[in-house]
Amino acid sequence: INAEYMGGRTHVSCLQVESYLAAATGPIAALERISSGLAQVAAAEAARQRPPPAAPKPESTEWVHTWLKSHELADHSDCFIQQALTTREVVLAAPLTHEVLKEMGIDKIGDRVRILQHIEQEMRNTTL
């Protein structure tokens, strides 16, 4: 078999060669049909192409996302949005504690501390 060598790989795999030879009626028939029986380089390269990645999810425009993003906590905005905690008024009125934030999916203690500190700051800003 005259397989092209391409940077550490050939254009056919061992499995393809084994399958091709297993289906052949004999060695002479296998050699006669080798150019049509095994994938050509272009076909093999096309089969190796991965599909393009999915389009990124559009960034949320909810107040809670913008607010958390401004404090470098945007990764947690989905936890709030899934609980319908999307506006400033609702977030500040919610009885949020470490336990509640953990139940919402915010596992890191440091992130919960920062969120609760920022909520306290927002509450102080409300009374001014």
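Small disclaimer: the values here were computed from a predicted structure and weren't measured.
Two residues are said to be in side-chain contact when any heavy atoms from C-beta on lie closer than 4.5 Å; Glu122 and Trp67 meet this criterion. Contact annotation: the side chain of Ile115 approaches that of Phe80 to within less than 4.5 Å [non-hydrogen atoms, C-beta and beyond].
With rounding to the nearest 0.5 Å, the separation of CD1 in Ile119 from CZ in Arg114 is 12.5 Å. Note: Thr97 OG1 to Leu116 CG = 7.5 Å, rounded to the nearest 0.5 Å. One finds the CG atom of Leu31 at 8.0 Å from the CD1 atom of Ile28 (value rounded to the nearest 0.5 Å). One finds the CE atom of Met123 at 9.5 Å from the CZ atom of Arg88 (value rounded to the nearest 0.5 Å). Once rounded to the nearest 0.5 Å, the distance linking CG of Leu68 with CD of Glu62 reads 11.5 Å.
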*For Gln83 and Val100, what are the C-alpha separation, side-chain angles and deciding distance, and is it a side-chain contact (heavy atoms from CB on, under 4.5 Å)?*
CA-CA 11 Å; Gln83 296 297 320; Val100 171; over 6 Å; no

_Quick one, Thr61 with Thr66, criterion side-chain contact (heavy atoms from CB on, under 4.5 Å). Give me CA distance, side-chain angles, the key distance, then yes/no._
CA-CA 7 Å; Thr61 58; Thr66 306; over 6 Å; no

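A donor-acceptor contact closer than 3.5 angstrom links the side chains of Gln121 and Arg124.
Residues Ser77 and Val64 come closest through the heavy atom pair O-CG1, 4.5 Å. Of all heavy-atom pairs spanning Ile81 and Ser60, the tightest one is CD1-OG, 3.6 Å. Considering all non-hydrogen atoms of both residues, Leu96 and Val91 come closest at CD1-O, 4.0 Å.
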Under 3.5 Å, sequence neighbours excluded: what are the donor-acceptor pairs made by side chains of residues 101-111?
from: Asp111; atom 1: OD2; to: His76; atom 2: NE2; distance (Å): 2.7

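Glu72 is linked by a side chain to side chain donor-acceptor pair (under 3.5 Å) to nothing, counting only residues two or more places apart in sequence or in another chain. Glu32 is linked by a salt bridge (charged side-chain N to carboxylate O under 4.0 Å, His left out) to nothing, counting only residues two or more places apart in sequence or in another chain.
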